[in-house]
Amino acid sequence: MAEPTPEGRFGDFGGRFLPEALVPACIELEKAFRSAWGDASFRESYATVLRDYAGRPTPVTECRRLSEQLGVRVLLKREDLTHTGSHKINNVIGQTLLARRMGKPRVIAETGAGQHGVATATACEVDIHRQELNVFRMKLLGAEVVPVSSGSRTLKDAINDAMRDWLASVETTYYCLGSVMGPHPYPWMVRELQRVVGEEAHAQCRAILDGADPDYVVACVGGGSNAAGTFAGFVDTGARLVGVEAAGGAAVGRGVPGVVHGSKSFLLQDEHGQVLEAHSISAGLDYPGVGPEHAHLAASGRATYESAGDQEVLDALQLLARTEGIIPALEPAHAVAWLVRAARAGTVPAGSTVLLTMSGRGDKDAEQVMSLLRPR
């Protein structure tokens, strides 16, 4: 998980497939990020805001009761304890500092689950209903929330509309893309901004495990930013990397190579090349593609990608809540669901040590989960 090629490729995936008018904006962004990332004062400012505002470092929590039930040792990297309640703050802080450095006075963003949008600007219509609490938080923070009425009215379509807005206002607007997807340099840049998750977790696990690394490192994957940041800290170790997608999406498991939102990756599409709709109980995983570096990690065999269905996700959410007093967001509940299934089936051998990234807390999903669990 080093730098991509000059063309923004991770193996066969990535690149920059864009309207001609946006290519100069991406080139400008890459130059600006390289300059900033190589500037010690920028890195110091970024680290200071992460510490004093976002609340880093986040802890690793040992889950003794859940471990006892599953027969494996479970450690959680607690991104749910950051300010705003998810890993998204790491990326947003870095990109908004960059926007200020570039002199861009207006910031736009897409969001599905609302966690990215809490710090930025644009939401989708279906997800406005699913994520009403986060929509309120965005407005309270001063953001203009723009519903998307095209297509499936979910995350995919929010990205489409955000890119159209960017195309129309590129001189004054910074597009703060929320995951490791889109055209180069976004997949690389967002991974670097999320790398802090994996680097912290690596050091923390070695302290807990007497210098050893976990046997498995697990994270949920939609676009895949929390997983990319986590995997970056462990890719050079012997840990097995496992990304868990929504069963109704599973671009790595069910998709084929294609181009969406400016880069080549695995994508759900039909025989005519038309993008198929994904489905997930989780607004943050309701996406038909996956970040190109995840496609490369899958193709190279360095990471494996599994999936979890809606009902087992709800069961896993309740299990973690009851055993550990931690209510996860629906996104990381997919990773918990896979781990529960794999441990009980012996796919993850008894006695294994597993680090799982708890990428967000469940407050935003409470009303939806309450409705789904209500007796009918």
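Model, not experiment: these values are computed from the prediction. Below, each value reflects all heavy atoms present in this structure, side chains not excepted, and no hydrogens, waters or symmetry copies.
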Can you see whether [X] engages [Y] through a side-chain donor-acceptor pair at a distance of less than 3.5 angstrom?
X      : Y      : value
Ser67  : Arg73  : no
Thr357 : Thr230 : yes
Gln194 : Asn90  : yes
His184 : Glu30  : yes
Lys77  : Thr58  : yes
Ser169 : Asp165 : yes
Arg106 : Thr172 : no

Answer yes when [X] and [Y] have at least one side-chain N-carboxylate O distance shorter than 4.0 Å, and no when they do not.
X      : Y      : value
Arg195 : Glu192 : yes
Arg56  : Glu79  : yes
Asp12  : Lys264 : no
Arg9   : Glu293 : no
Glu331 : Lys364 : yes

Let me confirm one number: the [atom1]-[atom2] distance from [X] to [Y], rounded to the nearest 0.5 Å.
X      : Y      : atom1 : atom2 : answer
Leu330 : Asp310 : CG    : CG    : 8.5 Å
Ser280 : Glu245 : OG    : CD    : 10.5 Å
Leu177 : Gln95  : CG    : CD    : 7.0 Å
Met1   : Leu241 : CE    : CG    : 8.0 Å
Trp338 : Leu356 : CH2   : CG    : 9.0 Å
Leu167 : Glu20  : CG    : CD    : 11.5 Å

Please check this pair: side chain of [X] against backbone of [Y], looking for a donor-acceptor N/O pair closer than 3.5 Å.
X      : Y      : result
Gln269 : Pro257 : yes
Glu312 : Gly309 : yes
His294 : Gly224 : yes
Ser263 : Gly182 : yes
Ser352 : Pro349 : yes
Ser300 : Leu297 : yes
Glu306 : Val242 : no
Thr96  : Val92  : yes
Thr237 : Phe234 : yes
Ser179 : Ser225 : yes

Exercise. Considering non-hydrogen atoms only, spot the tightest contact between Arg361 and Thr82 and give its length.
Key: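 Taking Arg361 first and Thr82 second, the nearest heavy atoms are NH1-O, 3.6 Å.
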Can you confirm whether more than 12 heavy atoms, excluding those of [X], are under 6.0 Å from its [atom1] atom?
X      : atom1 : value
Glu367 : CD    : no
Arg65  : CZ    : no
Ile327 : CD1   : no
Arg64  : CZ    : no
Glu62  : CD    : yes
Arg206 : CZ    : yes

With a 4.5 Å heavy-atom cut-off, do [X] and [Y] have their side chains touching?
X      : Y      : result
Leu314 : Leu372 : yes
Leu29  : Met102 : yes
Thr353 : Leu355 : no
Pro185 : Glu3   : no
Pro214 : Leu75  : no
Leu317 : Val336 : no
Ile27  : Arg16  : yes

In this structure, is the centre-to-centre distance between the rings of [Y] and [X] below 6.0 Å?
X      : Y      : answer
His261 : Tyr287 : yes
Phe10  : Trp188 : no
Phe266 : Phe13  : yes

Give a yes or no on whether [X] and [Y] share a hydrophobic cluster (residues Ile, Leu, Val, Met, Phe, Trp, Tyr; joining criterion: side-chain heavy atoms under 4.5 Å apart).
X      : Y      : result
Val72  : Val217 : no
Met189 : Met181 : yes
Leu50  : Leu97  : yes

Quiz item: Trp166 and Tyr174: ring pair (Phe, Tyr, Trp, His ring centres under 6.0 Å), yes or no, with the steps?
Solution: CA-CA 7 Å; Trp166 191 31; Tyr174 183 96; 7.9 Å; no
Quiz item: Relative to the ring of Phe42, is the ring of Trp37 parallel (under 30°), tilted (30 to 60°) or perpendicular (over 60°)?
Solution: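 Perpendicular: the ring planes of Trp37 and Phe42 meet at over 60°.
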